[in-house]
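Below is one structure, written out as structure tokens; the observations come after it.
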Amino acid sequence: MFLKDLIDKFYLDRQKDKEQHHFYITDAGKCVRALFFKFKNVPRKEMEANILRLFDHGDYIHQLIMKPLLSIRELHVVASEINIPPQELISGRADAIISDGKDLYVLDIKSMNSMIFSKLTEPKEENIDQVQLYLHYFRIPKGILLYVNKDNQQLKDFIINYDKKRALSLLDTLKDVKKKIDKNIIPDRLPDFPENWQCRYCQFKEVCVMANSGEVKWDAFKKKVQEHKSPSSV
Ligand code: SF4
């Protein structure tokens, strides 16, 4: 009991005051209003310690996958945990770049539970978005999305081909959000709010409801947020 509390506190302390100053590849395709709130460090619903531990578990699964990849003769791991070339807008780290002796591939590893894994017949759109940006910045035409069932370690993989139009459109959206952040304009919420899956897990849902639909001026709304007590549940 004593140990559980200390471990929970370690994870909860780590997530506090995570102010964001630039985009991450994982922001690609995400709700632009939630991104705005992240940049402005709007109070968010705290994640539970066990969910935060699951993120660490994901890192551990990545290491498990990399181990055989480093030993397979038919493959060559060109780089692992590699950052995209530095630039102002966005940062990100791909799990690996691998080669089969003919082509290079950017590898992105995702882990999920059995229920989601069993229904997966094609790569998730939000994961394709991320891979598209890796392919764009590394100038590599092919990627692999490797899904791991974290309950039984089953695998599924999908080849992703670079789609320049999609990558540029994702970057245009991020540039547009950046302009809104600088001009203090809260973007509109998702058109299918609150049914969209992102709304279901959104840490800013309570604040988003307060802002209502449409674009909203941040300066006036900020006061409302400050007056509102720190959200504890949505
Ligand atoms: S609740 Fe939905 S629309 Fe609102 S910020 Fe979160 S993800 Fe975006």
Side-chain angles (χ1 to χ4, degrees), residues 11-12 14-52 54-55 58 89-92 108 110-113 115-116 119-120 122-133 145 147 166-234:
Y11 279 94
L12 293 170
R14 244 185 16 177
Q15 74 155 346
K16 277 187 187 141
D17 297 326
K18 268 193 155 183
E19 201 165 333
Q20 186 163 333
H21 299 285
H22 60 265
F23 295 109
Y24 297 104
I25 291 256
T26 44
D27 291 330
K30 294 267 173 72
C31 167
V32 294
R33 180 179 271 195
L35 290 178
F36 180 97
F37 287 150
K38 264 212 275 181
F39 269 73
K40 298 294 183 187
N41 208 13
V42 166
R44 61 184 89 181
K45 186 182 169 192
E46 276 191 359
M47 280 196 204
E48 284 164 20
N50 64 316
I51 305 283
L52 296 166
L54 276 177
F55 292 141
L89 186 69
I90 191 163
S91 71
D108 197 13
K110 304 283 181 202
S111 52
M112 51 183 48
N113 64 34
M115 210 172 68
I116 303 173
K119 289 186 192 143
L120 195 80
E122 52 189 32
K124 291 175 151 207
E125 288 301 316
E126 64 268 26
N127 300 153
I128 298 176
D129 284 342
Q130 291 173 28
V131 172
Q132 287 301 342
L133 291 190
L145 261 170
Y147 290 99
R166 183 164 176 164
L168 292 179
S169 157
L170 287 163
L171 290 175
D172 281 348
T173 304
L174 292 181
K175 284 177 197 157
D176 192 50
V177 190
K178 184 72 180 70
K179 274 189 212 149
K180 290 198 167 120
I181 290 164
D182 294 342
K183 287 185 182 165
N184 284 329
I185 298 166
I186 305 173
D188 196 0
R189 58 193 181 193
L190 291 168
D192 53 349
F193 166 93
E195 282 81 25
N196 190 289
W197 69 269
Q198 295 188 60
C199 302
R200 263 184 280 144
Y201 302 105
C202 181
Q203 291 180 280
F204 301 107
K205 195 166 174 187
E206 189 172 356
V207 179
C208 179
V209 170
M210 278 168 62
N212 231 317
S213 59
E215 293 191 340
V216 180
K217 291 204 172 114
W218 170 240
D219 286 334
F221 183 70
K222 188 164 55 177
K223 292 188 189 90
K224 244 173 118 177
V225 174
Q226 282 161 351
E227 282 159 19
H228 191 75
K229 67 177 171 41
S230 189
S232 54
S233 62
V234 176

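Just so you know, ligand 1 is whichever comes first in the structure, and atom 1 is the first atom listed for that ligand. Worth saying up front: this structure is predicted, and the values here are computed from it rather than measured.
Of the protein's non-hydrogen atoms, Cys199 SG, 2.4 Å is the one closest to atom 2 (Fe) of ligand 1. Counting protein heavy atoms only, atom 4 (Fe) of ligand 1 is closest to Cys208 SG, 2.3 Å.
A salt bridge does not link Lys183 to Glu215: none of the charged nitrogens lies less than 4.0 Å from a carboxylate oxygen.
In the model, Asn184 has no side-chain atom that pairs as donor or acceptor with a side-chain atom of Lys222 under 3.5 Å.
A cation-pi arrangement is absent between Arg33 and Phe36, since the terminal nitrogen or guanidinium carbon is not both under 6.0 Å from the aromatic centre and inside a 45° cone about the axis.
Lys30 places a side-chain N or O within 3.5 Å of a backbone atom of Thr26 that can act as its donor or acceptor partner. Between the side chain of Asp27 and the backbone N or O of Tyr24 there is at least one donor-acceptor pair closer than 3.5 Å.
Using a 4.0 Å cutoff on heavy atoms, Leu190 counts as a contact of ligand 1.
Remark: ligand 1 atoms within the under-4.0 Å shell around heavy atoms of Arg189 are 3 (S).
At a heavy-atom cutoff of 4.0 Å, ligand 1 is contacted by the side chain of Cys31 but not by its backbone.
Among the atoms of Cys202, an N, O or S atom falls under 2.8 Å of atom 6 (Fe) of ligand 1.
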